[in-house]
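Below you'll find the structure, written out as structure tokens, and then a few comments.
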Amino acid sequence: MTVVATAAALSLPIYISKSPKLNFRKSAKGGFRVFAVFGEEGAIERKSGWETLFDVEDPRTKVPQCKGKFLDVYQALEVARYDIQYCDWRARQDVLTIMLLHEKVVEVLNPLARDYKSIGTMKKELAGLQDELAEAHRQVHISEARVATALDKLAYMEELVHDRLLQDRNTAELDTPSTSPGTSTQSHDSVNRRSPKKSLNVSGPTQPYHPRLKNFWYPVAFSSDLKDDTMVPFDCFEEPWVLFRGKDGNPGCIRNTCAHRACPLHLGSVNDGRVQCPYHGWEYSTDGKCEKMPSTRLQNVKIKSLPCFEKEGMIWVWPGNDPPAANLPSLQPPPGFQIHAELVIEIPVEHGLLLDNLLDLAHAPFTHTSTFAKGWSVPSLVKFLTPASGLQGYWDPYPIDMEFRPPCMVLSTIGISKPGKLEGQSTRECSTHLHQLHVCLPSTRQKTRLLYRMSLDFAPVLKNIPFMHYLWRHFAEQVLNEDLRLVIGQQERMLNGANIWNMPVSYDKLGVRYRNPINTNPHLFQSLKLLAETIPTYPPSLHPSIPSASTFENNALNWTLQKL
């Protein structure tokens, strides 16, 4: 099969923006080596520790030369490979530019500079650097778009090559002579066994949690569920915890086990911002310190606590051993949406299996025949397209956008006209929408704490109807029960050795990438790993005007590294 793709459609525009103030020195290979950062004329050169990361050969000298209007499979793959190499090189140059500009800002804000520079001069320099930073960030966004385009091309060509392999396999199978019915059947079986397939091995007992998986901020409860005099018990990574509010009204999270006789603390009460054990009345503050021991002398006793914060109507904890990330991610619905329901449900299923289910929409017309997919037709082809990144995209032909956010969040926006009916071919073509957030907290290796939030961009009057939240909960449980009877069966078979990801197909793309993201783009993830090991972290107090990497980007990198 000929790949009908022109060279113009496969090549990327090449545009280089380099600030004249940067002190670059060209290497012999055509790449850039960094020997000195900003400084006045005559400044002492100092070799940068980032040299190895940015010493990458400029790929523009190796543009594939293709003759003819159309490309064959191998030429198309060569052009796509060049696209990725160029995107990698361009991204390194963009990051280098921002890093050097950041260093220049630190240099300008150095208190020692005030001895020989006026405030007006410093303001002028900072204004110039702000413009350069804005341009550098604009180039980063351009690079992001180029990477997205290159990934789309690779995904498209992967499908073409896969179709070609299947076609060749089927042709070879038809051309194979058969001497007898028995030998023909045997040959057919052997061909099927040799047919190419991308298999993941997800079988047997659930493996222990990777330590890096704990180094994230996890939402564990909604703020509305945590009153001043209540406690919220929950399990996280097979450890029992309890939430409550301290004297200042801020939430705290301590181990749900009394230091005295291991009694569950959530069976007690909250007294003056402290949890009182129901056994002997020992009382613990939000940092885990025992501040009261009735009927005995007070001793220095403390139980484990977790960093705990409240943001945008959710309570977050950090269960890992690494220092917590400075900022909490945002899970707010898009602008124009109002929150209508917040539910917490304990699911008797391992969190990975539940995420597999949430990241799959092709099962809807077969599984959810009594709820939201009632009346849906079965399309001839279901695809998940990823125009922006490997962990988000949209479903075709369903008007649904979906995104996986590490470590365990799924966000989706659904275009609807009325319950059970589809409208349009994309969410943008729909007049009304439903936005969903699913948080799959790993409670134990066979239990998940599900936090569900539903938002609408229409019918705000529904928020004022009494007992409406009971109706939403009933509907959510109906949908969930349709999935659970299948996923629980999967879990039973998985524990007995069956591989639940034996034969992934095209619409399993997002689930496969969640299970094994390194297969999506090894070069991209290797670059992320190198960046994580090399780029320094600047304290926000030094220069608060400098935009830092978003918390979600850090989470995505951390989640990716624990998969490596």
Side-chain angles (χ1 to χ4, degrees), residues 217-237 239-296 298-319 324 328 331-332 339-347 437 439 441 443 447-454 463-474 476-477:
W217 283 110
Y218 283 86
V220 295
F222 293 109
S223 298
S224 56
D225 294 332
L226 190 63
K227 311 299 182 184
D228 290 339
D229 58 347
T230 61
M231 289 179 282
V232 175
F234 68 96
D235 291 335
C236 183
F237 293 105
E239 291 187 82
W241 304 95
V242 62
L243 296 172
F244 65 102
R245 294 190 182 274
K247 294 180 181 180
D248 55 3
N250 294 324
C253 180
I254 61 176
R255 190 188 295 275
N256 192 12
T257 305
C258 182
H260 180 210
R261 302 280 291 276
C263 180
L265 292 175
H266 76 276
L267 300 178
S269 60
V270 179
N271 295 331
D272 195 24
R274 296 191 296 265
V275 171
Q276 184 183 72
C277 177
Y279 209 172
H280 296 91
W282 290 22
E283 295 186 6
Y284 299 88
S285 58
T286 54
D287 63 355
K289 184 176 178 59
C290 184
E291 296 184 348
K292 192 173 183 180
M293 294 181 183
S295 306
T296 187
L298 182 64
Q299 302 180 42
N300 185 18
V301 174
K302 189 174 184 179
I303 58 177
K304 186 177 179 180
S305 63
L306 295 180
C308 181
F309 288 95
E310 186 171 18
K311 178 183 178 181
E312 297 175 348
M314 304 187 83
I315 311 295
W316 300 71
V317 302
W318 180 278
L328 293 172
L331 296 178
Q332 285 285 83
I339 298 172
H340 282 255
E342 293 179 334
L343 309 174
V344 179
I345 306 174
E346 300 293 338
I347 310 295
L437 165 68
V439 178
L441 179 68
S443 296
K447 189 175 73 173
T448 301
R449 180 178 174 85
L450 174 65
L451 277 66
Y452 174 76
R453 173 185 278 173
M454 187 200 72
K463 289 178 64 70
N464 302 320
I465 298 178
F467 308 111
M468 193 66 191
H469 63 284
Y470 291 109
L471 180 61
W472 291 130
R473 185 177 187 89
H474 173 71
E477 288 178 345

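Please read these numbers as outputs of a predicted model, since none were measured by experiment.
Listed by chain and residue number, nothing satisfies the side-chain hydrogen bond (donor to acceptor under 3.5 Å, both in side chains) test with D272 (two or more places apart in sequence, or in another chain). The ring pair (Phe, Tyr, Trp, His ring centres under 6.0 Å) test applied to W316 returns no partner, not counting sequence neighbours. In terms of the salt bridge (charged side-chain N to carboxylate O under 4.0 Å, His left out) criterion, residue partners of K447 (sequence neighbours excluded) are, by chain and number, D235. Scored by the ring pair (Phe, Tyr, Trp, His ring centres under 6.0 Å) test, Y218 finds F237 as partners (sequence neighbours excluded). Listed by chain and number, the residues in a salt bridge (charged side-chain N to carboxylate O under 4.0 Å, His left out) with E312 amount to none (sequence neighbours excluded). With sequence neighbours excluded, the residues forming a side chain to side chain contact (heavy atoms under 4.5 Å, CB included) with L343 are Y452, R473, A476, listed by chain and number. Residues forming a side-chain hydrogen bond (donor to acceptor under 3.5 Å, both in side chains) with N250 (at least two apart in sequence, or on another chain): D248. By the side chain to side chain contact (heavy atoms under 4.5 Å, CB included) test, H469 is found to be paired with no residue, residues two or more places apart in sequence or in another chain being considered. In this structure, the side chain to side chain contact (heavy atoms under 4.5 Å, CB included) partners of T296, at least two apart in sequence or on a different chain, are M293. V270 meets the side chain to side chain contact (heavy atoms under 4.5 Å, CB included) test with M231, F244; sequence neighbours excluded.
A salt bridge (Lys or Arg N to Asp or Glu O under 4.0 Å) check over residues 251-270, counting only residues at least two apart or in different chains, returns the pairs E239-R255. For residues 275-296, the salt bridge (Lys or Arg N to Asp or Glu O under 4.0 Å) pairs, not counting sequence neighbours, are R274-E283, R274-E291.
Note that the SG atom of C258 and the CH2 atom of W282 stand 6.0 Å from one another [nearest 0.5 Å]. Rounded to the nearest 0.5 Å, atoms CD1 (I347) and CZ (R449) are 11.0 Å apart. Note that the CG atom of D229 and the CZ atom of R245 stand 11.0 Å from one another [nearest 0.5 Å]. Between atom CD of residue E342 and atom CE of residue M454 there is a gap of 10.5 Å, rounded to the nearest 0.5 Å. Taking CD1 of I465 as the reference point, atom CG of L471 lies at 9.0 Å (rounded to 0.5 Å). The distance from the NZ atom of K311 to the CE atom of M314 is 11.5 Å, given to the nearest 0.5 Å.
The side chain to side chain contact (heavy atoms under 4.5 Å, CB included) test with F234 singles out one residue from L243, N256, V344, I315, and that residue is L243.
The nearest pair of heavy atoms linking W241 to C253 is CB-SG, 3.7 Å. Summarising the geometry of P278 relative to P264, their closest heavy-atom pair is CD-O, 3.9 Å, with the distance given to 0.1 Å. In this structure, C236 and L441 approach most closely via the heavy-atom pair SG-CD1, 3.9 Å. Listed here is the closest heavy atom pair of L298 and C290: CD1-O, 3.9 Å. Here the shortest heavy-atom pairing between L265 and C277 reads CD2-CB, 3.7 Å. Here the closest non-hydrogen pair linking G313 and R453 is O-NH2, 3.9 Å.
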> side chain to side chain contact (heavy atoms under 4.5 Å, CB included) between T286 and I254: does it pass, once the steps are laid out?
Replying inline: CA-CA 7 Å; T286 54; I254 61 176; 5.7 Å; no

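Side-chain contact check for L331 versus P219: some heavy-atom pair is nearer than 4.5 Å.
Ring geometry, H260 versus H280: the interplanar angle exceeds 60°, so the pair is classed perpendicular (tilted spans 30 to 60°).
For F309, the CZ atom counts as loosely surrounded, since its 6.0 Å shell holds 12 or fewer non-hydrogen atoms of other residues, nucleotides or ligands.
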